[in-house]
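Okay, so here's the structure we're looking at.
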Amino acid sequence: MKKKIALSVNAGSSSVKVSVYDVEFGQAPVQLAEAQISGLTSPPPTLKYVRDGKTVIKAKEVDDNIEGQRDAFSLLLETLVEDEDLPQIKSKEDIGIVCHRIVHGGDYSKPQLISNETYEHLENLNDLAPLHNANSLGIVQLCIRALPTANNVACFDSQFHSTIPEHIRTYPINRDIARSNKLRKYGFHGISYAFITRSATEFLGKEPDEVNMIALHLGSGASACAIKNGKSWDTSMGLTPLAGLPGATRSGSVDPSLVFHYASDVGKLSPASTSELHISRAEEILNKESGWKALTGTTDFGKITSLAFSSSSSSSSSDDDDYDHEVMKLAFDLFVDRICGFIGSYYVSLRGKVDALVFAGGIGEKSPQLRAAVVDQISCLGFQIDDEVNNNEIRNVVEEVGKKGGLDEPRVLVVQTDEQFEMARACAEDAEFW
């Protein structure tokens with residue numbers, strides 16, 4: 001089979017990222033370029049474009065009328081096609097595969113070639129991930145029309161977790177209702193966890209079915225995953241991405257009754273709902289009006305960390321400075337506490353047989369303070385941080401930041417996860433998509 005050009009499309013709530021790969025069947029993809037539009041929810045949006053590892057456009061404000069993910073993708077596609085220094089894409093017809101990150105895939109356990117039937121099935125899942133799937137499916141629609149010669153492939157955040165055993169994925173509710181409404185734990189961030197598992201396994205020099213680890217994907221959306229014998233055993237997110245750890249605007253797991261005491265209109269539909277997409281005020285509050293934003297007024301965890309570790313008691317500090325320090329310290333400590341709670345639970349679930357604790361995601365990869373605080377709190381389980389190494393910039397795909405002890409002591413790793421690469425790799429290995 002000849003080579004193809006593949007696009008990996010990752011549509012988030014506030015950004016759209018497209019990576020371009022040269023792919024050959026059965027071989028590791030080779031990245032050619034990457035383009036991203038950020039700031040869709042906090043205008044003006046900005047364009048970043050990297051080709052052959054070199055930044056071509058750093059952070060250009062976009063003058064075009066970008067009103068959502070579809071508009072952003074159209075501009076990114078135009079940027080790629082019109083780049084004379086990217087000869088692999090002279091026209092849209094040169095694109096052979098487009099792999100789309102779809103958050104909720106229901107019972108799908110592997111990527112799917114998108115047909116009319118597949119598309120309709122995914123549309124029916126929109127209510128389970130109303131803030132994610134609809135954006136991605138809008139881009140799928142656009143690609144079907146704009147790139148008629150390309151195969152569109154759906155890669156699911158939930159597919160990695162299809163191995164979670166029934167006693168863990170089952171909710172203690174009426175089983176008939178649960179079955180008919182497909183109510184169970186699905187789990188998300190699975191594309192990232194697939195990359196993390198494979199990369200960490202290679203680094204540890206083990207066979208995939210021999211590795212147990214606890215992985216943390218910590219970003220504006222955050223989750224934890226217990227990986228047993230190379231497969232997902234448990235994860236913090238559930239029926240939807242809301243459960244588990246708090247995030248930039250998500251509450252994470254709270255008492256199910258809390259939202260009814262929070263506001264009186266939680267059972268009503270949000271003004272943001274449409275005839276196709278139903279979002280309740282409860283979902284809107286817990287998904288978009290909670291988390292760091294609600295606690296601190298910012299979604300920037302770097303700012304939270306900086307103020308949390310700043311001195312608050314100097315003679316020149318104001319009451320406002322003291323308040324900021326206290327609130328940011330509260331948010332930081334809360335996040336560490338929730339993370340450690342899942343680590344402890346998963347350590348027991350894996351019966352203490354853990355090869356490594358892995359940090360990934362924007363916060364996991366870039367916050368040495370968070371890594372140090374987490375590892376310090378779980379040191380009773382045998383994890384230890386190497387302060388000097390931990391404070392260095394993470395440059396490689398996998399780096400060890402823990403102290404190297406005996407053969408049986410668990411390791412502490414950082415993995416720079418790459419969901420776009422993982423999607424392209426999955427497409428390169430499946431003959432159905434060629």
Side-chain angles (χ1 to χ4, degrees), residues 101-111 125 128-129 131-133 155-172 178 182-201 208-209 211-247 250-254 286-287 291 335 337-351 353-364 374 378 413 415 417 419 422-423 426:
R101 179 189 171 213
I102 307 291
V103 168
H104 213 308
D107 292 327
Y108 285 131
S109 60
K110 64 185 288 293
L125 293 170
L128 294 181
L131 306 177
H132 300 84
N133 271 27
C155 298
F156 307 106
D157 256 348
S158 51
Q159 70 193 38
F160 180 75
H161 303 296
S162 63
T163 55
I164 292 177
E166 189 170 8
H167 72 281
I168 292 177
R169 73 186 187 199
T170 298
Y171 292 121
K182 301 185 183 300
L183 304 179
R184 66 169 178 85
K185 175 180 281 195
Y186 289 95
F188 305 96
H189 286 147
I191 297 169
S192 175
Y193 285 127
F195 182 92
I196 291 166
T197 302
R198 187 171 43 79
S199 300
T201 297
D209 60 357
V211 171
N212 289 359
M213 66 181 79
I214 298 169
L216 306 169
H217 180 106
L218 307 176
S220 59
S223 68
C225 184
I227 295 160
K228 183 176 183 179
N229 300 328
K231 296 178 180 178
S232 180
W233 174 255
D234 196 357
T235 192
S236 57
M237 289 178 169
L239 173 71
T240 75
L242 178 60
L245 295 171
R250 290 185 198 133
S251 65
S253 293
V254 295
L286 296 176
N287 276 287
F335 197 31
D337 173 78
R338 302 303 193 270
I339 291 168
C340 291
F342 279 104
I343 293 172
S345 172
Y346 292 163
Y347 189 87
V348 171
S349 187
L350 294 170
R351 300 175 182 266
K353 297 177 180 177
V354 179
D355 296 299
L357 172 68
V358 184
F359 290 88
I363 298 171
V374 167
I378 61 167
L413 309 178
V415 173
T417 191
E419 292 164 313
E422 188 62 29
M423 290 192 288

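Predicted model, so just to flag it, every value in this text is computed and none were measured. The first residue in the sequence is number 1, and the count goes up from there.
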By the salt bridge (Lys or Arg N to Asp or Glu O under 4.0 Å) test, which pairs, at least two apart or in different chains, include something from residues 186-201?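 Every salt bridge (Lys or Arg N to Asp or Glu O under 4.0 Å) pair that includes a residue of residues 186-201, provided the two are not neighbours, is R198-E422.
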
Considering only residues two or more places apart or on different chains, which pairs with a residue in residues 341-350 satisfy salt bridge (Lys or Arg N to Asp or Glu O under 4.0 Å)?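 The answer is none; no pair qualifies.
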
I want to check something: taking the side chain as every heavy atom from C-beta on, are Y186 and I164 in contact at a cut-off of under 4.5 Å?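 In short, these two side chains do not touch, never coming nearer than 4.5 Å.
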
E419 side chain reached by H217 side chain, heavy atoms, under 4.5 Å: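 Touching, per the 4.5 Å side-chain cut-off.
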
Taking [Y]'s backbone N and O only, do any of them form a donor-acceptor pair with [X]'s side chain (distance below 3.5 Å, no angle check)?
X	Y	answer
D355	V211	no
Y171	G238	no
S162	Q159	yes
T201	T197	yes

Stepwise side chain to side chain contact (heavy atoms under 4.5 Å, CB included) test for L357 and I378: CA-CA 11 Å; L357 172 68; I378 61 167; 3.7 Å; yes

Please collect all side chain to side chain donor-acceptor pair (under 3.5 Å) contacts where either partner lies in residues 220-239, sequence neighbours excluded, each pair once.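 Passing the test, one end in residues 220-239: H161-S232, K185-D234, H189-S223, Y193-S223, W233-S349.
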
Rounded distance [0.5 Å steps], [atom1] in [X] versus [atom2] in [Y]:
X	Y	atom1	atom2	answer
F342	C225	CZ	SG	11.5 Å
L245	M237	CG	CE	7.5 Å
L216	I339	CG	CD1	6.0 Å
N133	F156	CG	CZ	8.5 Å
L183	T240	CG	OG1	11.0 Å

Would F359 and L413 count as a side chain to side chain contact (heavy atoms under 4.5 Å, CB included) if you check the C-alpha gap in whole Å, the side-chain angles of each, and the deciding distance to 0.1 Å? CA-CA 6 Å; F359 290 88; L413 309 178; over 6 Å; no

Return the set of residues passing ring pair (Phe, Tyr, Trp, His ring centres under 6.0 Å) with F335 (not counting sequence neighbours), or none when no residue passes.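 Checked F335 against ring pair (Phe, Tyr, Trp, His ring centres under 6.0 Å); matches are W292, F301.
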
Determine the minimum heavy-atom distance between [X] and [Y], stating which atoms define it.
X	Y	answer
F188	V103	CD2-O, 3.3 Å
T417	G361	CG2-N, 4.1 Å
M213	L350	O-CD1, 3.9 Å
G105	S158	N-OG, 2.9 Å
C155	I191	O-CD1, 3.6 Å
I196	A215	CG2-CB, 4.1 Å

Which residues pass the side-chain hydrogen bond (donor to acceptor under 3.5 Å, both in side chains) test with R169, sequence neighbours left out?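 So R169 forms no side-chain hydrogen bond (donor to acceptor under 3.5 Å, both in side chains) with any residue.
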
Excluding sequence neighbours, so at least two apart, what forms salt bridge (Lys or Arg N to Asp or Glu O under 4.0 Å) with K110?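 Partners of K110 by the salt bridge (Lys or Arg N to Asp or Glu O under 4.0 Å) criterion, ordered by chain and then number, come out as D430, E432.
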
